[in-house]
Visitor: 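The structure's right below; bear with me while I get my questions together.
Proteins come first, then strands; the chains are lettered A, B, ... in the order of their sequence lines, and each starts at number 1.
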There are 2 protein chains.
Amino acid sequence: MKDKVIGIGIVSDLTGLTERQIRYYEEKQLIFPGRSKGGARKYSFEDVDRLKEINDKLRDGFHTFELRKPGRLCSE
Amino acid sequence: MKDKVIGIGIVSDLTGLTERQIRYYEEKQLIFPGRSKGGARKYSFEDVDRLKEINDKLRDGFHTFELRKPGRLCSE
DNA sequence: CGTGTAAGGAATTCTGACACG
DNA sequence: CGTGTAAGGAATTCTGACACG
């Protein structure tokens, strides 16, 4: 379930999110996909669930920087 | 685990088999991958295990036609 | 801020075939 | 029989940018 083996196209199908959204969440450090030799992003099923959750939260009014994993412990 | 979401390249990495072997086993009806809209083969983790098993059997001397799922119920 | 899109390139996968044995 | 490879095309994904707001 933690194997990073799913391509972004399938993840898009699975989550209903656009590839743009998925890449943006990575840019904002909310998700950390693996990469194939060629550089293609690879996700796990856990990542898929996490992506759905992120999108839900965003629709609830949260901002990307509020959804980082750790929670705090960033600057102290 | 039964979700057909893994591309043939990753399956090749996961199983150690070449893409040629993986496609050949499909041609011989030993494995049944899904397809993306564009026609790319998509496999499940179950398929990955099945592929390893198929290759093991072949190395043990079996032939592809002896490894079909059903077992018999083909011509009677 | 979060997301859409057009742009050009690079990597991936597909099929049918010839090869060996 | 099971697998390797070169061949050309089609689909996938990548990055950086401009856009809106």
Side-chain angles (χ1 to χ4, degrees), chain A residues 3-45 47-71 74-75, chain B residues 3-45 47-71 74-75:
Chain A
D3 301 48
K4 307 274 190 180
V5 297
I6 316 176
I8 196 168
I10 295 289
V11 171
S12 178
D13 290 344
L14 256 30
T15 60
L17 305 182
T18 64
E19 297 185 6
R20 178 67 164 106
Q21 290 175 301
I22 299 172
R23 294 195 187 103
Y24 183 68
Y25 300 162
E26 175 184 4
E27 187 182 319
K28 292 308 175 185
Q29 309 268 279
L30 306 183
I31 191 84
F32 306 93
R35 293 274 181 163
S36 68
K37 317 91 197 174
R41 271 165 270 250
K42 294 298 174 186
Y43 303 82
S44 65
F45 280 104
D47 291 333
V48 169
D49 291 336
R50 170 86 175 128
L51 283 166
K52 289 178 192 167
E53 191 189 307
I54 291 171
N55 190 248
D56 283 343
K57 297 284 188 182
L58 285 178
R59 278 192 275 86
D60 282 345
F62 288 94
H63 287 266
T64 54
F65 58 82
E66 301 176 284
L67 301 177
R68 296 253 182 72
K69 271 287 181 185
C74 291
S75 51
Chain B
D3 300 48
K4 307 272 191 183
V5 297
I6 316 175
I8 195 169
I10 296 289
V11 171
S12 177
D13 290 345
L14 257 31
T15 60
L17 304 182
T18 64
E19 297 184 7
R20 178 69 164 102
Q21 291 175 300
I22 299 170
R23 294 195 187 103
Y24 183 67
Y25 300 162
E26 176 185 1
E27 187 182 320
K28 291 307 175 185
Q29 309 268 280
L30 306 184
I31 191 82
F32 306 92
R35 295 273 181 162
S36 68
K37 318 92 196 173
R41 270 166 270 251
K42 295 299 173 185
Y43 302 82
S44 65
F45 282 103
D47 290 333
V48 170
D49 293 335
R50 169 89 175 128
L51 283 166
K52 289 179 191 165
E53 191 189 307
I54 290 170
N55 189 248
D56 284 344
K57 296 285 189 181
L58 284 178
R59 278 191 277 86
D60 283 346
F62 288 93
H63 288 266
T64 54
F65 58 81
E66 301 176 281
L67 302 175
R68 295 256 181 72
K69 269 288 183 185
C74 292
S75 50

Visitor: Given atom CG of B:Leu30 and atom P of D:dT3, what is their separation to the nearest angstrom?
Guide: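 One finds 10 Å between P of D:dT3 and CG of B:Leu30, rounded.
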
Visitor: Once rounded to the nearest 0.5 Å, what's the spacing between atom OH of B:Tyr25 and atom CG of B:Leu67?
Guide: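 It is 9.0 Å, given to the nearest 0.5 Å.
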
Visitor: Find the distance between CD1 (B:Ile31) and CD (B:Glu53) and round it off to the nearest 0.5 Å.
Guide: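 So the gap between those two atoms works out to 9.5 Å.
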
Visitor: Kindly give the heavy-atom pair with the smallest separation between B:His63 and B:Leu58, and that separation in Å.
Guide: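 For B:His63 and B:Leu58, the tightest heavy-atom pair comes out as C-CD2, 3.9 Å.
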
Visitor: Between C:dG2 atom P and A:Ile54 atom CD1, what is the distance in whole Å?
Guide: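 Atom CD1 in A:Ile54 sits about 11 Å away from atom P in C:dG2.
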
Visitor: Between atom CD1 in B:Ile10 and atom P in D:dT12, what is the gap in whole Å?
Guide: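 It works out to 16 Å between those atoms.
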
Visitor: If you measure from the Lys or Arg side-chain nitrogens to the Asp or Glu carboxylate oxygens, is any gap between B:Arg59 and B:Asp56 under 4.0 Å?
Guide: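 So B:Arg59 pairs with B:Asp56 through a salt bridge.
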
Visitor: Rounded at 0.5 Å granularity, tell me how far CZ in B:Phe65 sits from CG in B:Leu30.
Guide: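 Interatomic distance, B:Phe65 CZ to B:Leu30 CG, rounded to 0.5 Å: 11.0 Å.
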
Visitor: Do A:Gln21 and A:Tyr24 pass the side chain to side chain contact (heavy atoms under 4.5 Å, CB included) test, and can you show the C-alpha distance, the side-chain angles, and the key distance before you say yes or no?
Guide: CA-CA 5 Å; A:Gln21 290 175 301; A:Tyr24 183 68; 5.6 Å; no

Visitor: Below 4.0 angstrom, which residues in residues 11-19 of chain A have at least one non-hydrogen atom near DNA chain C?
Guide: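 Output list: A:Thr18.
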
Visitor: Mind calculating the distance between CD1 (B:Ile22) and P (C:dT15) to the nearest angstrom?
Guide: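 My rounded result for the distance is 13 Å.
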
Visitor: To the nearest Å, how far apart are A:Tyr43 OH and D:dT12 P?
Guide: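 One finds 16 Å between P of D:dT12 and OH of A:Tyr43, rounded.
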
Visitor: Once you round it to whole Å, what is the distance between C1' of D:dT13 and CD1 of A:Ile6?
Guide: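 Those two atoms, CD1 and C1', are 16 Å apart.
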
Visitor: Kindly compute the distance separating CZ (A:Phe32) from CZ (A:Arg41), expressed to the nearest 0.5 Å.
Guide: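 Those atoms lie 13.0 Å apart.
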
Visitor: Expressed in angstrom and rounded to an integer, what is the separation of B:Arg23 atom CZ from D:dG4 atom P?
Guide: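 After rounding, the gap between these two atoms is 12 Å.
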
Visitor: Are the side chains of A:Leu51 and A:Asn55 in touch, meaning some heavy atoms are under 4.5 Å apart?
Guide: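 No, their side chains stay 4.5 Å or more apart.
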
Visitor: Nearest heavy-atom pair of A:Arg68 and A:Lys28: which atoms, and what distance?
Guide: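 Minimum heavy-atom separation between A:Arg68 and A:Lys28: NE-O, 3.2 Å.
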
Visitor: Taking DNA chain C as the partner, which of residues 31-39 of chain A come within under 4.0 angstrom of it by heavy atom?
Guide: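 Listed by number, they are A:Ser36, A:Gly38.
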
Visitor: Distance check, rounded to the nearest 0.5 Å: A:Ile6 atom CD1 versus B:Asp3 atom CG?
Guide: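 The CD1 atom of A:Ile6 sits 7.5 Å away from the CG atom of B:Asp3.
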
Visitor: Give the dot-bracket string for DNA chain D, reading 5' to 3', where a pair is Watson-Crick or G-U wobble with both distances under 3.5 Å, ( ) marks pairs inside the strand, [ ] marks pairs crossing earlier ones, | marks a partner on another strand, and . marks unpaired.
Guide: .||||.||.|.|.||.||||.

Visitor: Looking at CG of B:Leu17 and NZ of B:Lys52, how far apart are the two atoms once the value is rounded to the nearest 0.5 Å?
Guide: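 Reported value, rounded in 0.5 Å steps: 9.5 Å.
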
Visitor: Could you check whether any side-chain heavy atom of A:Val11 comes within less than 4.5 Å of a side-chain heavy atom of A:Asp47, counting everything from C-beta outward?
Guide: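 They are not in side-chain contact.
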
Visitor: Output the residues of residues 60-67 of chain B in contact with DNA chain D, where contact means a heavy atom of the residue under 4.0 Å from an atom of the strand; sort by number or write none.
Guide: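 Those residues whose heavy atoms fall under 4.0 Å from DNA chain D, taken from residues 60-67 of chain B in numerical order, are B:His63, B:Thr64.
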
Visitor: Quick check: on DNA chain C, is the nucleotide nearest A:Leu58 upstream (toward 5') of the one nearest B:Lys42, or the reverse? Name the residue that is more 5'.
Guide: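 That would be A:Leu58.
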
Visitor: Compare side-chain N and O positions of A:Tyr24 against OP1 and OP2 of C:dG2 and report whether any pair is under 4.0 Å apart.
Guide: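 Checking A:Tyr24 against C:dG2: at least one side-chain N or O falls below 4.0 Å of OP1 or OP2.
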
Visitor: When you match B:Ala40 and B:Tyr25 each to their closest nucleotide on DNA chain D, which lands nearer the 5' end?
Guide: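 Result: B:Tyr25.
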
Visitor: Can you list the residues that meet the salt bridge (Lys or Arg N to Asp or Glu O under 4.0 Å) rule with A:Asp13, with sequence neighbours excluded?
Guide: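 Here the qualifying residues are B:Lys37.
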
Visitor: Do the side chains of A:Glu19 and A:Arg23 get close enough for a salt bridge, i.e. N-O under 4.0 angstrom?
Guide: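 Salt bridge present between A:Glu19 and A:Arg23.
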
Visitor: Count the heavy atoms belonging to other residues, nucleotides or ligands that lie under 6.0 Å from NZ of A:Lys4, then report whether that count exceeds 12.
Guide: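 Yes - once you tally the heavy atoms of other residues, nucleotides and ligands closer than 6.0 Å, there are more than 12.
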
Visitor: Once you round it to whole Å, what is the distance between P of C:dG4 and CD of A:Glu27?
Guide: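 Spelled out: CD on A:Glu27 to P on C:dG4 is 14 Å.
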
Visitor: Please list, pair by pair, any protein nitrogen or oxygen found under 3.5 Å from a nitrogen or oxygen in nucleotides 5-9 of chain D.
Guide:
{"residue": "D:dT5", "atom": "O4", "partner": "B:Arg20", "partner atom": "NE", "Å": "3.3"}

Visitor: Can you tell me if the side-chain N/O atoms of B:Arg41 get under 4.0 Å from OP1 or OP2 in C:dT13?
Guide: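 B:Arg41 to C:dT13 OP1/OP2: no side-chain N or O under 4.0 Å.
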
Visitor: Between A:Arg35 and A:Lys42, is the side chain to side chain contact (heavy atoms under 4.5 Å, CB included) condition met? List the steps.
Guide: CA-CA 5 Å; A:Arg35 293 274 181 163; A:Lys42 294 298 174 186; over 6 Å; no

Visitor: Can you tell me which nucleotide in D:dT15, C:dT3, D:dT3 comes closest to the side chain of B:Gln21?
Guide: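 The answer is D:dT3.
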
Visitor: For A:Tyr43 and A:Ile22, run side chain to side chain contact (heavy atoms under 4.5 Å, CB included): C-alpha distance rounded to whole Å, both residues' side-chain angles, the deciding distance at 0.1 Å, then the answer.
Guide: CA-CA 10 Å; A:Tyr43 303 82; A:Ile22 299 172; 3.2 Å; yes

